[in-house]
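Below is one structure, written out as structure tokens; the observations come after it.
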Amino acid sequence: MASPPDTSKTTKLERYNSYIRRVNSTKLLAASSKLLFRVTLLVALVLIFFFTFNYPPLSDNATPAGHHVHTTSHLLSSAFYGSGAGWEKEVRRSSTPRRPNGFSVLVTGAGGFVGTHCSLALKKRGDGVLGLDNFNSYYDPSLKRARQKVLKQHEIFIVEGDLNDGELLAKLFDIVPFTHVLHLAAQAGVRYAMENPQSYVRSNIAGYVNLLEVAKNADPQPAIVWASSSSVYGLNTENPFSESHRTDQPASLYAATKKAGEEIAHTYNHIYGLSITGLRFFTVYGPWGRPDMAYFFFTKDILQGKPINVYQTHDNKEVARDFTYIDDIVKGCLGALDTAEKSTGKGGKKRGPAQLRIYNLGNTSPVTVGKLVSILESQLNVKAKKHVIKMPRNGDVPYTHANVSLAYKDFGYKPTTDLSTGLRKFVKWYVSYYGIQPRVKGSNDSA
Ligand SMILES: O=C(O)[C@H]1O[C@H](OP(=O)(O)OP(=O)(O)OC[C@H]2O[C@@H](n3ccc(=O)[nH]c3=O)[C@H](O)[C@@H]2O)[C@H](O)[C@@H](O)[C@H]1O
């Protein structure tokens, strides 16, 4: 009997083919669902950009103020900072004045020491204030966040963004017709400039120019008041320092960038009619201050029993500063804002000469660092472990002393807080903020 044909091979082959078909169709299904997912994601993103973030149509890029086009990077960066209808409402609400003829002020560096105090003072008297800050980590950002919280309690909103983001700045000026800009955002610190020189160029020059570019295009153009520095006097030997003294010998890159800012101000005033006032601050201190400054970290180190370095000049003289209390500086900033004339340009074109000013804002009474330390010792009730050393050659200057008669003449600037009184207020804040309960005399004083 003929045996049945051997089909086992054919059956195996068929089973194999059907297995391959199944695998292929599964793969196809997976690939097409992946594609579908990606397309959906893309469509969703596009819809989010166009509807949620409340942007003008792309064809509407050229704004009346002549601002640049809104590029994709702007869309991305603004989306990152927070945008949309709610964000815009916050921006408008914060910058709307609550008094007749009140200002609408953009305060850059509002999360900073001077920025926070000035923002509060402006808001308190009924001006609208919008903050801008990039919350960088040059010093403990949690302190900046704590200041931001205080501002929020007073209904001051800080836009989180960088001076170098021109598109973001342009958008803010599109939303708000700022009357003034109080420009305090900067890379601060004299000695850190040797460690990170580029950060000074980025903030104090590139960022500053970026701000002026947007301001000159704005309609109306705001008046600008900004923070220069006592450090511009550099190796000047005339005393006390007057605005007419030479400032072409900066001792640090920090000072050089501030001096450059003063020259740049001249250019934007000259070409575009921007009203610009530069304020040369002299070693500002007080509650909510900067932890990178000597009075602040001396307090911390003295309380922790750590040694501190007290600098001396190379010819064995004590170094001294015209330490200026924050409340005096705030009065100076508001005085400068109040007397700032309007810019004369429009849409990037000058229409007439505009105001250009520079003022010293100091205390007119220099105190040696040794004396600063002994005041702190007495107020903290702790003896400092002092190391008296020669001042490192790192951009420091031996001495500062402000002549403020020009600021007095033009807006009545008159510092009223001596170092001892100001430090008591600082120490009181310091121990309460950091929750310290040491042998502090000043902590129970009323200030
Ligand atoms: O007026 C300004 O325009 C600048 O003021 C501030 O710079 P400065 O006056 O240098 O303040 P700050 O560092 O507190 O040193 C104070 C004193 O302590 C001495 N000093 C410092 C450190 C140290 O370890 N030992 C010491 O003796 C030191 O030699 C100095 O005599 C701002 O930081 C700066 O951003 C800018 O705004």
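We count ligands from 1, going down the list as the structure has it; atoms in each ligand are counted the same way.
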key: Any donor-acceptor N or O pair under 3.5 Å, side chains Lys259, Thr247   = yes

query = Ser95: what forms a side-chain contact (heavy atoms from CB on, under 4.5 Å) with it, not counting sequence neighbours?
reply = Ser104, Leu130, Val176, Phe178

task = Determine, stepwise, if the pair Phe426 / Tyr295 fulfils ring pair (Phe, Tyr, Trp, His ring centres under 6.0 Å).
result = CA-CA 9 Å; Phe426 164 72; Tyr295 75 94; 4.8 Å; yes

For residues 151-159, please give each side-chain donor-acceptor pair under 3.5 Å, one per line with the distance, not counting sequence neighbours.
| from | atom 1 | to | atom 2 | distance (Å) |
| --- | --- | --- | --- | --- |
| His154 | ND1 | Val150 | O | 3.0 |

query = Sequence neighbours excluded, which residues qualify as side-chain hydrogen bond (donor to acceptor under 3.5 Å, both in side chains) partners of Asn164?
reply = Asp162

task = Collect the protein residues that have a non-hydrogen atom under 4.0 Å from ligand 1 and hand them over in chain and number order.
result = Ala188, Gly189, Val190, Arg191, Ser229, Ser230, Ser231, Tyr254, Phe281, Phe282, Thr283, Arg290, Met293, Ala294, Phe297, Phe298, Asn309, Val310, Tyr311, Val319, Arg321, Val369, Asp396

key: Lys350 NZ/CZ over Tyr268 ring centroid, <6.0 Å and within 45° of normal   = no

